[in-house]
*Asks:* 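Handing you a structure now.
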Amino acid sequence: MRIATWNVNSVRRRLDHVVRFVEQWQPDVLCLQEIKVSTESFPGLDLAQLGFTHQVVNGQKGYNGVAILSRLPFEDDETRQWCGKDDARHAAVRLKDSLMIHNFYVPAGGDTPDPEANEKFAHKLDFLAEMQDWARNENLAGQKAVIVGDLNVAPLENDVWNHKRLKRSVGHTPLECEQMLAFWQAGQLTDLGRRFFPEPEPLYSWWGYRYAQAFAKNYGWRLDHVLTTPPLAEAVKALSYARETRSWDQPSDHIPVVLDLA
DNA sequence: ATGACTTGTAATACAAGA
């Protein structure tokens, strides 16, 4: 079984890329973030034609938004609010044999890494704290669960192209990195990115648009993560990064990360 | 050397991404 996660930066703008990725990689489940469309306007028929006849969409107009698309039926699905906001940052499904898939889009956090001066950063820290509480309260570690998404934190030194330079930048500050690792510990989560590609190897899933040579020079960040709980340890077979998509015409700034489960 | 870009909204800038 193959599960992919991808921040597509607008599912309507990138629909051709989604089709191309699905044809080449054949995921059974595709978790999207930043669909940037209301649930009503989501292009569900186009995606159903790819075989994803089971869909849960948590969208809103203009910003954010997540979706889980599947060839396999859901036994249950859920979209819940975080930090008391109805801002379309999470969706979850339960497949057969109680396999849970959680798809997150964690707040980016704005420009200034100071929760007093920047309410977006405060929101991001609150969100990360709530994820820790959730992992404990739901006994995430005891479930068969896959957590994926754009978590908007690159927690390890080699998760950014220049640790020394970027440790003051939102997404790689010590406080965010601590909070992300605390979430992983709260759920006893395995960081599959680093299980398959250990430090100090550079490992990235995002290259910004603003610097045109970012991808060519590999000035990237690892913001997109795939995490699994202890009951799934034996089932994890492989993890892949679909780097080629970043070279396609008018790409998303993120690439897909692909998990193979037995 | 993360800006210099890209998106959606709405009407020619602005917010947001990170």
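Convention: sequence-line order gives letters A, B, ...; per-chain numbering from 1.
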*Asks:* Could you state the atom-to-atom distance from CH2 of A:Trp206 to C1' of B:dG17 in whole Å?
*Replies:* 8 Å
*Asks:* Send over the distance from A:Lys124 NZ to B:dA16 P, rounded to a whole Å.
*Replies:* 15 Å
*Asks:* Mark yes or no: A:Arg222 above the aromatic ring of A:Trp206, with NZ or CZ under 6.0 Å from the six-membered ring centre and no more than 45 degrees from the axis.
*Replies:* no
*Asks:* With a 4.0 Å cut-off on heavy atoms, is A:Tyr105 in touch with a base, just the backbone sugar-phosphate, or nothing at all?
*Replies:* sugar-phosphate
*Asks:* Say you pick atom P in B:dA4 and the same atom in B:dA15; how far apart are they, in whole Å?
*Replies:* 16 Å
*Asks:* Please pick, from B:dA18, B:dT7, B:dA10, the nucleotide with the shortest atom-to-atom distance to any side-chain atom of A:Ala108.
*Replies:* B:dA18
*Asks:* Are A:Glu176 and A:Lys124 within salt-bridge range, i.e. N to O under 4.0 Å?
*Replies:* yes
*Asks:* So which one's nearest nucleotide on DNA chain B is more toward 5', A:Ser38 or A:Tyr209?
*Replies:* A:Tyr209
*Asks:* Is the cationic atom of A:Arg71 (NZ for Lys, CZ for Arg) positioned less than 6.0 Å from the six-membered ring centroid of A:Phe52 and within 45 degrees of its normal?
*Replies:* yes
*Asks:* Check this one for me: any side-chain N or O of A:Arg210 less than 4.0 Å away from OP1 or OP2 of B:dG17?
*Replies:* no
*Asks:* Would you mind classifying the nucleic acid contact of A:Asn118 as base, sugar-phosphate or nothing, using non-hydrogen atoms under 4.0 angstrom?
*Replies:* nothing
*Asks:* Roughly how many Å is it from CZ in A:Phe121 to P in B:dA16, rounded to a whole number?
*Replies:* 17 Å
*Asks:* For B:dT9, does OP1 or OP2 lie under 4.0 Å from any side-chain N or O of A:Lys36?
*Replies:* no
*Asks:* Measuring only the P atom in each nucleotide, how far is B:dC14 from B:dT2? A whole number of Å is fine.
*Replies:* 25 Å
*Asks:* Is a salt bridge present between A:Arg2 and A:Asp28, judged by a nitrogen-to-oxygen distance below 4.0 Å?
*Replies:* no
*Asks:* Find which nucleotide of DNA chain B each of A:Val170 and A:Arg13 is nearest to by heavy atoms, and output the residue with the more 5' nucleotide.
*Replies:* A:Arg13
*Asks:* Suppose we call a contact any N or O donor and acceptor under 3.5 Å apart; does that hold for the side chain of A:Asp111 and the base of B:dA18?
*Replies:* yes
*Asks:* Can you check whether A:Lys61 has a side-chain N or O nearer than 4.0 Å to OP1 or OP2 of B:dA15?
*Replies:* no
*Asks:* Consider the side chain of A:Asn7, meaning its heavy atoms from C-beta on, and name the nucleotide among B:dA18, B:dA10, B:dC5 that approaches it most closely.
*Replies:* B:dA18
*Asks:* Could you tell me how far apart A:Tyr204 (OH) and B:dA18 (P) are, to the nearest whole angstrom?
*Replies:* 17 Å
*Asks:* Who are the ring pair (Phe, Tyr, Trp, His ring centres under 6.0 Å) partners of A:Tyr241, not counting sequence neighbours?
*Replies:* A:Phe197
*Asks:* Think A:Ser10 has a side-chain N or O under 4.0 angstrom from the OP1 or OP2 of B:dG8?
*Replies:* yes
*Asks:* Closer than 4.0 Å, any side-chain N/O of A:His254 to the OP1 or OP2 of B:dG17?
*Replies:* no
*Asks:* In terms of side-chain heavy atoms of A:Tyr63, which of B:dG8, B:dG17, B:dT2 is nearest?
*Replies:* B:dG8
*Asks:* Under the 3.5 Å rule, do the base of B:dG8 and the side chain of A:Arg12 count as making a donor-acceptor pair?
*Replies:* no
*Asks:* Between B:dT6 and B:dA10, how many Å separate the two P atoms, rounded to a whole number?
*Replies:* 22 Å
*Asks:* Is any side-chain N or O of A:Asn9 closer than 4.0 Å to OP1 or OP2 of B:dT6?
*Replies:* no
*Asks:* Any chance you could lay out the salt bridge (Lys or Arg N to Asp or Glu O under 4.0 Å) test for A:Glu40 and A:Lys61, step after step, and finish with the verdict?
*Replies:* CA-CA 9 Å; A:Glu40 308 78 61; A:Lys61 188 175 179 178; over 6 Å; no
*Asks:* Between the side chains of A:Asp150 and A:Gln33, is a donor N or O closer than 3.5 angstrom to an acceptor N or O?
*Replies:* no
*Asks:* Specify the residues of residues 161-169 of chain A, ordered by number, for which at least one heavy atom lies under 4.0 angstrom from an atom of DNA chain B.
*Replies:* A:Trp161, A:Arg165
*Asks:* Mind checking whether A:Trp161 and A:Tyr219 have parallel, tilted or perpendicular rings, split at 30° and 60°?
*Replies:* parallel
